[in-house]
Amino acid sequence: MALKLYNTLTRQKAEFQPIDPKNVRMYVCGPTVYDFAHIGNARPVIVFDVLYRLLRHIYGPEHVTYVRNITDVDDKINARAAERYPELAPEIGIRKLTDDTTAQFHKDIAALGVLPPNVEPRATEHIVEMVQLCEALVANGHAYVAADHVLFDVAAMPDYGRLSNRSLDEMEAGARVEVAPYKKGPMDFVLWKPSKPGEPGWPSPAGITVPGRPGWHIECSAMAGKHLGNVFDIHGGGIDLTFPHHENEIAQSRCAHGTPVMANVWMHNGFLQVEGEKMSKSLGNFVTINELLTQCVGDVIRHLMIQTHYRQPIDWTQNGLASSQLELLSWSEFISERCGEVAEPAIAGGACDADLISVLQDDLNSPAALTRLRELFGLAKAGKLSWQDFLANARFLGFKNLHRPGFFHPHIMGNVFESGPQPNLQDQRLFLQYRSAIANGDVSLAETSLQATRLRGFRLKINEEGVVFVGNLTSAEFSDLQIETNREINSRIARRSAARKAKDFKESDRIRDELAAMGIALKDTKNKDTGEIETTWEVMR
RNA sequence: GGCCACGUGGCGGAGUGGUUACGUAGCGGACUGCAAAUCCGCGUACCCCGGUUCAAUUCCGGGCGUGGCCUCCA
């Protein structure tokens, strides 16, 4: 089956035909860097990561160019920088804010298993290209200068509004925005505007003498043009960007370059709600990726995200996260049993499943891909498929911690020593935060969490499988909790086995309950060869 | 007001003009001293009202509900 994609431009699913199969080009609108990225920002990042992986699979990794920009010039950035760094010169404060926020963004999405794009251009490094675009548009009559602004003349473009399916008449009729007096047409939009004092500014195009700065849309036209050419294959982003952002990008790029399209395929991911409500700062239900990563491993977020088709709305809930985590737990328990002591399986081998690729090729049907992965899981459990093959497919979908089941347990292991303080809810949250920090590779958060728990009288230890052990030894020679713990657990299991042999079930059940109170679950299995009963343990679900 | 999505079993979530996807929870069974884990089995869902059709959850029309854009928010 060939790759089919839904195209907002045509409102149809159609077979994807790359302009050049040796260089498939995709542009996705990235974040404006002024604050922590939220879960809504994570959606396009994950969705188009799946597409990127699929394209690389089909055309070869070296034949795909993925560009995702960083918007680092914006009113919100200016305002935030002035607020946070009032003592710094504006350009220094802005640079610091955008650098820090970009670094944070990278850290957050790395935990989500997202591959880095081939190019990640910053708007401020493409001012020259933006100025050139403005010049070209003024020169060919698609833009005009008024009051030190460069404005796009919407009336000069016959099919303006095609992407968002709007006519100029409708938009003007329904427009709620006040029209600036210098605009020729009410829908004309800004390509370049004069900088106010204290705002970043650059030499202006088109004979404007005062310094200025770019409008919102022009940056993407400039960056896409520079890195992907005047016409490229796929342009993606959130559905809210369809109008005006993408519509205006198209207008600028096409009119500047004289091309019939900017990108052949336009893809838009659906919106996201939180616990049934729209996410907004005023409602106080703003969920940042960073915050989520203190509760769970990035794989869990990814699982929940791709379980819904990218064009469907998602209601993001705590409940959903928990069930995603549970499924990942069962996969990871299987994997860790099979791969044994290989802590960092640089697992060789494992092939991509044709059916999984096939459903993914149907407009990126990631939920169906997950269903296929579940079938593969069943086959692997039944011994009809190697665990490496299953793992390879899971990794293709971006899950990267399946060899560490400890990361997916709903709880961390309970208190294995009986004296001293018992953890309360807040402590347990800290334990989880520590585990997540380790899982997501956040070294500084891990250290902070460790310190905090230490102050509260607990000691944490995490093993290769991601299982966190908690003790409250007060001794300064707190050596190796894991060894202590294993010794403790094994001796209790031995006592229980003896009791069972003696048919003292009251005693054996008592020991099992005791272990359960520590968060340890026992499993009795019959050894197939010897017929002996063997007891294994794991952290409780 | 204009334009546009979405509404599936307890929950999550694909898909289809006629044959109970899938996951999870729940229930029943096997196994077990009892559990847990595992394995096997079970649920006959598609917002409402009309229409088209031999047949609609799936197509068409209307309604209701939720959400998005038209306000530089993915």
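The sequence lines fix the lettering, A, B, ..., with proteins before strands; numbering per chain opens at 1.
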* Mind telling me whether A:Tyr27 and A:His235 have parallel, tilted or perpendicular rings, with 30° and 60° as the class edges? => tilted

Query raised in the report: Is a side-chain donor-acceptor pair under 3.5 Å present for A:His303 with A:Glu327?
Result: yes

task = List the steps and the verdict of side-chain hydrogen bond (donor to acceptor under 3.5 Å, both in side chains) for A:Asp108 and A:Gln104.
result = CA-CA 6 Å; A:Asp108 289 346; A:Gln104 181 67 50; 3.0 Å; yes

- Message: Can you tell me whether the side chain of A:Asp509 and the base of B:G33 have a donor-acceptor pair closer than 3.5 Å?
- Response: yes

A:His268 NE2 to B:G67 P, in whole Å, measures 22 Å

Provide the distance between the two P atoms, one in B:G61 and one in B:C6, to the nearest whole Å.
14 Å

Expected string for nucleotides 38-46 of chain B under the B/S/- scheme (protein heavy atoms, under 4.0 Å, primed atoms plus P, OP1, OP2 as sugar-phosphate) is -S-------

Please confirm whether any donor atom in the side chain of A:Arg512 sits under 3.5 Å from an acceptor in the base of B:C34, or the reverse.
yes

Check: When the P atoms of B:G7 and B:C46 are considered, how many whole Å apart are they?
Finding: 14 Å

Table please: side-chain donor-acceptor pairs of residues 38-45 of chain A below 3.5 Å, with sequence neighbours left out.
from: A:His38; atom 1: ND1; to: A:Gly40; atom 2: N; distance (Å): 2.9
from: A:His38; atom 1: ND1; to: A:Asn41; atom 2: N; distance (Å): 3.2
from: A:His38; atom 1: ND1; to: A:Asn41; atom 2: OD1; distance (Å): 3.3
from: A:His38; atom 1: NE2; to: A:Asn41; atom 2: OD1; distance (Å): 3.1
from: A:Asn41; atom 1: OD1; to: A:His38; atom 2: N; distance (Å): 2.7
from: A:Arg43; atom 1: NH1; to: A:Gly270; atom 2: O; distance (Å): 3.0
from: A:Arg43; atom 1: NH1; to: A:Phe271; atom 2: O; distance (Å): 3.2
from: A:Arg43; atom 1: NH1; to: A:Gln312; atom 2: O; distance (Å): 2.8
from: A:Arg43; atom 1: NH2; to: A:His309; atom 2: O; distance (Å): 3.0
from: A:Arg43; atom 1: NH2; to: A:Tyr310; atom 2: O; distance (Å): 3.3
from: A:Arg43; atom 1: NH2; to: A:Gln312; atom 2: O; distance (Å): 2.7

Take the angle between the ring planes of A:His142 and A:Phe152 and call it parallel below 30°, perpendicular above 60°, tilted in between. parallel

Of B:A35, B:A74, B:G33, the nucleotide closest to the side chain of A:Asn41 is B:A74

Under a 3.5 Å limit on both distances, the Watson-Crick or wobble mate of B:A5 is B:U66

If the P atom of B:A5 is compared with that of B:A45, how far apart are they to the nearest Å? 29 Å

Item checked: Ring-face cation contact, A:Phe243 with A:Arg166, 6.0 Å cut, 45° max -> yes

Taken to the nearest whole Å, CZ/A:Phe377 to C1'/B:U24 is 13 Å

With B for base contact, S for sugar-phosphate-only contact and - for none (protein heavy atoms under 4.0 Å), nucleotides 4-14 of chain B reads S-S----SSSS

Taken to the nearest whole Å, CG/A:Leu321 to C1'/B:U24 is 14 Å

To the nearest angstrom, the NZ-P distance between A:Lys503 and B:C34 comes to 11 Å

Whole-Å distance, A:Leu328 CG to B:U24 P, equals 12 Å

Checking B:G23, B:A74, B:C73 against the side chain of A:Pro44 (C-beta onward), the nearest is B:A74

Considering only heavy side-chain atoms of A:Thr371, the closest of B:C34, B:C73, B:A21 is B:A21

Scanning all shown strands, the Watson-Crick or wobble mate of B:C31 with both distances under 3.5 Å is none

Per nearest nucleotide of RNA chain B, the residue lying toward the 5' end, A:Met279 or A:Lys506, is A:Lys506

How far does the P atom of B:G50 sit from the matching atom of B:U57, given to the nearest Å?
13 Å

Residues at least two apart in sequence or cross-chain that pass ring-ring contact (aromatic ring centres under 6.0 Å, His included) with A:Trp192, listed by chain then number, are none

| query | What distance, rounded to whole Å, do you find between the two P atoms, one in B:U24 and one in B:C3? | reply | 44 Å

note: A:Leu370, atom CG; B:G23, atom P; distance rounded to Å ~ 11 Å

Using Watson-Crick geometry (N1-N3 plus N6-O4 or O6-N4) or G-U wobble (N1-O2, O6-N3), each under 3.5 Å, B:A45 is paired with none

task = List the steps and the verdict of salt bridge (Lys or Arg N to Asp or Glu O under 4.0 Å) for A:Arg68 and A:Asp49.
result = CA-CA 11 Å; A:Arg68 188 186 61 218; A:Asp49 177 66; over 6 Å; no

For A:Glu534, the salt bridge (charged side-chain N to carboxylate O under 4.0 Å, His left out) test, sequence neighbours excluded, returns none

- Item | Pairwise C1' distance for B:G9 and B:U20, with rounding to whole Å | 11 Å

Result for 5'-nearest mapping on RNA chain B, choosing between A:His217 and A:Glu277, is A:Glu277

- From CA spacing to verdict: salt bridge (Lys or Arg N to Asp or Glu O under 4.0 Å), A:Arg122, A:Asp72: CA-CA 6 Å; A:Arg122 291 177 71 126; A:Asp72 61 353; 2.8 Å; yes

Among B:A74, B:U71, B:G2, the one nearest any side-chain atom of A:Arg166 is B:G2

Tabulated below should be each protein N or O lying under 3.5 Å from an N or O of nucleotides 64-66 of chain B; please produce it.
none

Which of A:Thr98, A:Thr32, A:Thr102 passes side chain to side chain contact (heavy atoms under 4.5 Å, CB included) with A:Ile70? Answer is A:Thr102

Open item on the list: For B:A74, is there a stacking contact with A:Phe271, counting only centres under 5.5 Å and planes under 30°?
Closed with: yes

For this session: Using the C1' atoms only, state how far B:C48 lies from B:G65, rounded to an integer number of Å.
Result: 10 Å

Open item on the list: Taking the P atom in each of B:U8 and B:C47, what is the distance between them to the nearest angstrom?
Closed with: 6 Å

